[in-house]
Structures are given as C-alpha cells and as structure tokens.
Amino acid sequence: MRILAVTSCPNGIAHTYMAQEKLEQAAASLGIDIKVETQGGVGAENVLTAEEIAAADGIIIAADRQVDLSRFNGKPLVKESVRAGIHQPEALIQRVVKGEAPVYHESGQADTSATTAPQSENKQNGMQMVYQHLMNGVSFMVPFIVVGGLLIALALSLGGEKTATQGLVIPDDSFWKPFEKIGALAFSFMVPILAGYIAVSIADKPGLVPGMIGGAIAADGSFYGSTAGAGFLGGIVAGFLAGYIAKWIKNIKVPKAMAPIMPIIIIPIIASVLVGMIFIFVLGAPIAAIFETLTTWLKGMQGANIVILALIIGAMIAFDMGGPVNKVAFLFGSALIAEGNYSVMGMVAVAVCTPPIGLGLATFIQKRKFNRNEIEMGKASFTMGLFGITEGAIPFAAQDPLRIIPANMIGAMVASVIAALGHVGDRVAHGGPIVAVLGGIDGVLMFIVAVLAGSFVTTALVLTFKKHPTATQGTSDESESTVKVNEDADVQDMLNPQVMIQTAVPMDRDKAIDTMIDRLVRENYVTDAAILKEAVLAREAESTTALGMHIAMPHAKTNAVRQPIIAVLKHDQGVQWESLDGTLPQLVFLIAVPEQSHDTHLKVLQQLSKNLMHDDKRQQLLETTNEAELYSTLQHIIKA
C-alpha cells in the first residue's frame with residue numbers, strides 16, 4: 001500500500017516535522033510505504049508529484065494551516081489537525097488502510113460510495129475548523145510583524161536619539177530613517193494579511209481579495225468614523241466574513257460559460273463589495289469601540305491587574321506548548337505590537353522559552369533522574385528554547401504530563417510576572433533569547449532575569465516532582481551498566497530459540513501476550529512482567545497490532561526488559577484477536593525493547609513486516625511443526 005501525506009503547522013517550525021517523523025515511523029511499523037510533504041516555515045519540501053498522487057492508495061492531511069486539496073481530487077483523503085499526526089499517526093494510517101477515508105472531490109463533497117469514518121473531515125469539530133482558519137491567517141501574518149519589528153528595533157538601537165518629550169526617535173535625515181519606514185510599512189500589512197488568509201483557508205483563492213480588502217477596511221477607521229480602526233479583532237471578523245461569503249457564492253450553480261470567470265472576477269467583486277458594505281455600515285464602528293476599550297484597558301493595567309494578566313499569559317503559553325491555547329495567547333500579544341503595545345508580547349517572549357530551557361537544564365543538572373534518551377531530548381529542548389520554540393518541551397510532557405505540564409506552567413507564569421513588572425517589551429512576534437540578541441527586546445536586563453528565574457523554577461519543580469529512578473525506569477548510569485542495548489539490533493539479533501512457542505491451547509489476545517511474557521521472564525529477559533504487559537496493552541489501546549494475513553506484532557518500549565528481544569508464538573487455530581482484515585493471528589511476534597533503544601522496535605517492525613508480506617514466507621512458517629523448526633525457518637527467511 002502506498003500512502004501520501006502533508007503536514008503543516010501555523011508557525012511551520014516544530015509540529016510540522018514532528019508529525020512527519022511520527023507518520024513515517026508509524027508507517028514503517030505497519031510495513032506501509034509513505035511519503036510526507038512538509039509545508040513548513042521554509043516552504044514546501046519533499047513535494048508530492050502528480051505521478052505519486054495518481055498512484056497513491058490514500059492521502060493524509062495533518063495540518064493546522066490551509067492546504068490546497070485540489071490536486072487530491074478523487075483520492076481517499078483523511079484530514080485532521082497536525083497534533084493528530086503527532087499523537088495518532090497509526091490511527092490516521094489505519095483509516096486509509098481500512099477504507100474509512102472518504103473520497104475527496106474538489107467541490108468539497110465526499111463520495112457517498114466510500115465508507116465514512118467517525119472522525120472524517122465532514123464531521124470535524126466546529127471549533128477545530130475555526131481554529132485552523134484563524135491559525136492559517138496568523139501563520140502568514142507573523143512574518144510581517146517579525147520583519148517590521150526587527151527593522152524598527154534595529155533602526156532605533158543604531159540610529160535613535162533620546163528626546164525630552166518623545167523618548168527615542170530617529171531624525172528625518174538619519175541613514176536609519178528608511179529602515180524605520182520600511183518596518184512601519186511591514187506592520188501596515190498585518191491586518192489585511194491576517195484577514196486575507198483566514199478567508200483563503202475557508203474559501204480557497206476566491207477568498208483572498210475580499211479578505212484583504214475587508215482587513216484593510218478594518219484597519220482604516222476613516223471608513224466608519226473611527227480614529228483608531230478595528231485592529232486585529234476587526235481583521236479576524238473581516239476574514240471570517242469574507243471567507244464564508246466567498247464560499248457561499250462559490251457554491252451557487254452557474255452556467256458553464258461563467259464558471260471560468262467566477263473565481264477571478266465574479267466572486268472577488270461581489271464578496272468584496274458585500275464585506276465592505278457590512279463592515280462600513282454595520283460592524284466597523286462597534287468592533288473599533290471594543291478594540292479601543294481593550295487597548296486602553298491594557299495600557300492602563302498596573303500593579304495587581306498586570307500581574308493577573310501576566311499569570312494568565314504565562315499559563316496559556318506553557319499549557320499546551322504550541323497548541324491552540326498557546327497560539328491564542330501568542331496571537332493576542334503579537335497583534336498588539338502593531339498598536340504600539342509591546343508589553344504583552346514581552347510576557348509571551350519570556351514564557352515561550354522557559355519550559356524548554358528549564359527542562360534542558362534539569363537534564364544537565366541531575367542526570368541520574370533521566371534515562372539516556374531523555375538526556376538527549378534535554379539537549380534539543382534547551383537549544384530550541386534559546387530560539388523561542390516551546391515545542392522542545394513536548395516530548396517530556398508527553399511522557400509525564402501530570403508532573404511536567406504544571407512545572408512548565410508555574411515557571412512560565414513566574415517569568416511572565418517578572419517581565420510585566422520589569423516593563424519588558426517585545427517588538428517582534430517571536431520570543432526567546434534570540435530576539436534579545438537581534439535587538440527586538442525593550443528592557444533586556446529584566447528579560448534575562450525573567451527567563452533565568454522562570455527556567456530555574458521549572459527546573460527545580462521538575463526535579464522535585466519527578467520520581468526517583470526505579471528498576472523499570474532506569475537512569476543514565478543504569479542504561480550503561482545493567483541494561484544491555486544493541487543500537488544496531490535487527491531481527492536476527494533478537495531471535496532466540498528459547499522464546500519460540502508453538503501451541504494449540506485456545507487463546508485470546510491477553511492470554512497470548514501473557515504466555516509470551518512468561519517465557520521471556522523464564523529466560524531472564526524481563527525484570528517486571530506486569531510493567532511489560534501494561535506497556536504492550538497501552539499500545540494495543542491505541543489500535544490493534546493484529547495486522548491481518550494471520551499476523552500480529554504487539555510491541556513495547558520499556559526498561560522492564562533487559563535487552564531487545566522477540567518472542568514468537570505460533571497457534572494453528574488462531575488467537576482470538578481483532579485484526580485489520582478479520583483473520584485470526586496464527587503468528588504472533590512480541591517485540592520488546594528497553595527505553596534506551598531509541599527506534600529499534602520500529603526498525604524491527606519494518607524488517608519483519610517486509611519479510612512477512614510474502615505469501616510463500618508466511619506459509620513456510622505456518623507449516624512448521626515444532627519450536628526448533630519455527631526458529632530455523634525464521635532465521636532462514638530473515639537471511640534471504
């Protein structure tokens with residue numbers, strides 16, 4: 001089977017590539033060929049060709065940004081968030097494998113002949129779709145704020161002169177004045193770009209023109225008698241309004257002769273006029289009043305009020321580390337930059353980097369509390385924190401959310417409060433020390449104090465909350481002394497004739513797993529049978545590992561095993577086990593590896609899957625009559 005995928009997240013940094021990696025790993029474990037196109041911050045990479053699309057059995061879209069689906073017309077297609085690609089990659093793949101992916105048609109209607117999955121695109125949660133449209137606009141807006149903020153910061157730091165009444169200004173005859181003007185021009189595009197690409201996410205290209213025109217009207221209060229305009233709130237409203245109006249017009253049936261000019265002339269003109277009139281005569285003034293009130297309230301926040309705001313911002317940023325809650329706080333802070341309010345983004349700037357830096361420091365300071373894999377993750381997390389990428393903390397939070405997430409949130413809240421009280425400002429829609437290095441931070445000293453304080457609070461809490469190493473968890477020292485790990489282990493290395501089982505005793509899934517674990521315990525491969533079984537069943541809870549064709553491959557990664565090992569069970573009648581094709585598994589391969597084995601189990605799954613896809617090889621195994629013959633046949637098949 002050949003599956004293609006596209007991954008994309010709002011910022012195009014971490015989640016895009018994490019989803020790619022997880023989908024590739026899941027496909028490898030299932031023995032499925034996959035190619036993943038990433039639409040990240042540097043543009044599209046590993047681009048899918050027309051020939052590959054034509055030959056594909058199905059498409060997976062794991063994205064929080066608008067993705068052009070027209071090239072996938074007529075293909076079974078699953079569309080979910082980028083987080084689903086990270087956390088549920090096998091489930092997405094299996095929806096294609098099981099035929100649960102509806103056939104995509106460019107009109108947006110699924111083929112009724114296809115089996116509709118319970119979570120298909122047509123039934124996506126409404127709030128998820130609103131968030132996706134909003135984040136599409138934000139992802140295109142952010143570069144304009146970054147460029148504008150950095151150019152203005154550069155001009156002020158190198159060409160600014162202090163005045164008694166206006167503070168730091170750049171003289172009109174200064175070499176740096178054009179830099180300031182270019183930066184201000186970049187800012188002026190913010191609201192139209194935000195609105196335009198929200199509309200594009202809803203209605204595709206026909207939404208761009210009315211969205212940008214609506215956004216420009218929202219930003220220019222002279223259209224509806226406001227001095228300040230409706231700001232980013234107006235831009236959001238204009239974007240959704242333009243998108244849904246354009247989509248409504250697009251769905252109107254017209255004569256075939258008019259079809260070619262609809263998306264380039266008719267829809268943009270009608271939608272632009274409607275959006276403009278609605279905004280000028282109905283929505284503009286009320287939204288502008290709300291925005292002016294919000295801006296005045298923020299500028300007037302002092303003392304306890306600003307502390308409360310900082311606590312909220314810090315908690316939101318660290319809660320889901322790049323997810324929807326984080327992005328709402330980020331949008332709030334970045335959008336206010338264009339209004340001259342840099343303090344909220346200052347809170348965001350310190351909060352985004354404290355979780356990954358704090359976790360990285362924890363792995364440096366007390367290595368004995370972390371296994372080797374976590375220590376490696378700590379290095380990456382610390383580096384990502386320096387560049388303001390909160391997602392560096394995600395692997396730690398995924399493994400131990402009840403301890404890591406509270407530690408992240410408290411550290412980020414401390415950092416945000418210090419930044420608020422220290423009058424830290426951020427002129428760039430980004431965070432982390434890198435922004436300070438580039439000159440985008442006001443109040444650099446307090447920025448550094450806030451980051452250090454928040455990071456050390458996170459570090460201290462992580463080390464306090466985290467359990468002491470146990471025999472099953474392992475430490476970095478244990479991983480080197482008591483746990484034998486062969487990083488290059490393959491199927492041959494992991495096969496042992498003593499853990500081959502051939503039986504005719506009636507079994508269900510759990511009994512088969514118990515039987516194989518008992519054999520591994522007897523041969524001294526396992527230190528804790530209960531923990532290994534828990535890990536195996538946790539994987540089964542995600543989706544069945546009975547892959548069909550009378551094969552099951554349960555697997556687990558835990559330090560309850562001493563070294564990578566495969567237990568093999570052959571059952572002539574078949575084990576009662578839910579499988580992808582309804583067949584009962586007659587060959588069960590239990591793959592167990594220590595935590596420090598990185599992706600060994602994935603490599604082994606891939607090797608086994610490729611070999612067992614051949615009917616003749618499976619038949620050879622099914623015809624064996626004893627455990628020694630089963631082992632010998634397996635060895636021969638793997639070598640071939």
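Bear in mind the structure is a predicted one, so any value in this text is a computation, not a measurement.
- The CG atom of Leu194 lies 9.0 Å from the CZ atom of Phe232; values are rounded to the nearest 0.5 Å.
- A cation-pi arrangement is present between Arg65 and Phe140 under the rule of less than 6.0 angstrom and at most 45 degrees off the ring axis.
- Formation of a donor-acceptor pair under 3.5 Å by the Tyr244 side chain with backbone atoms of Ala199 is not found in this model.
- Without hydrogens or angle criteria, Asn46 side chain to Val36 main chain gives a donor-acceptor distance under 3.5 Å.
- The pair Arg2-Asp33 meets the salt-bridge criterion, with a side-chain N (NZ, NE, NH1 or NH2) lying under 4.0 Å from an Asp/Glu carboxylate O.
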- prompt: Could you walk me through whether Ile61 and Val78 pass the side chain to side chain contact (heavy atoms under 4.5 Å, CB included) check?
  reply: CA-CA 6 Å; Ile61 306 295; Val78 172; over 6 Å; no
field: CA sep, side-chain torsions, deciding dist, call: Leu331, Ile236, side chain to side chain contact (heavy atoms under 4.5 Å, CB included)
entry: CA-CA 11 Å; Leu331 170 63; Ile236 292 171; 4.0 Å; yes
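- Residues Lys205 and Asp68 are not paired through a salt bridge, judged by the lack of any N-O separation under 4.0 Å between the basic side chain and the carboxylate.
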If you look only at distance, which donor and acceptor atoms sit under 3.5 Å apart when one is on a side chain in residues 208-222 and the other is two or more places apart or in another chain?
unit_1, atom_1, unit_2, atom_2, d
Asp220, OD1, Ser222, N, 3.1
Asp220, OD1, Ser222, OG, 2.6
Asp220, OD2, Ser222, OG, 3.4

Verdict with reasoning, Gln94 to Thr544, per side chain to side chain donor-acceptor pair (under 3.5 Å): CA-CA 10 Å; Gln94 287 184 358; Thr544 181; over 6 Å; no
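- A side-chain donor-acceptor contact under 3.5 Å links Thr16 to the backbone of Cys9.
- With hydrogens and angles disregarded, no donor-acceptor distance shorter than 3.5 Å links the side chain of Lys250 to the backbone of Ile267.
- Checked by atom type, the side-chain pair Ser8/Glu37 shows no donor-acceptor distance below 3.5 Å.
- Between the side chain of His555 and the backbone N or O of Met553 there is at least one donor-acceptor pair closer than 3.5 Å.
- Lys75 contributes a side-chain N or O that, together with a main-chain N or O of Ile53, makes up a donor-acceptor pair within less than 3.5 Å.
- Qualifying salt bridge (charged side-chain N to carboxylate O under 4.0 Å, His left out) partners for Lys35, counting only residues two or more places apart in sequence or in other chains: Glu52.
- In this structure a side-chain-to-backbone donor-acceptor pair under 3.5 Å is missing from Thr38 to Thr7.
- You'll find the side chain of Met141 stays beyond 4.5 Å of the side chain of Phe144, heavy atoms only.
- At least one donor-acceptor pair under 3.5 Å links the side chain of Ser29 to the backbone N or O of Ala26.
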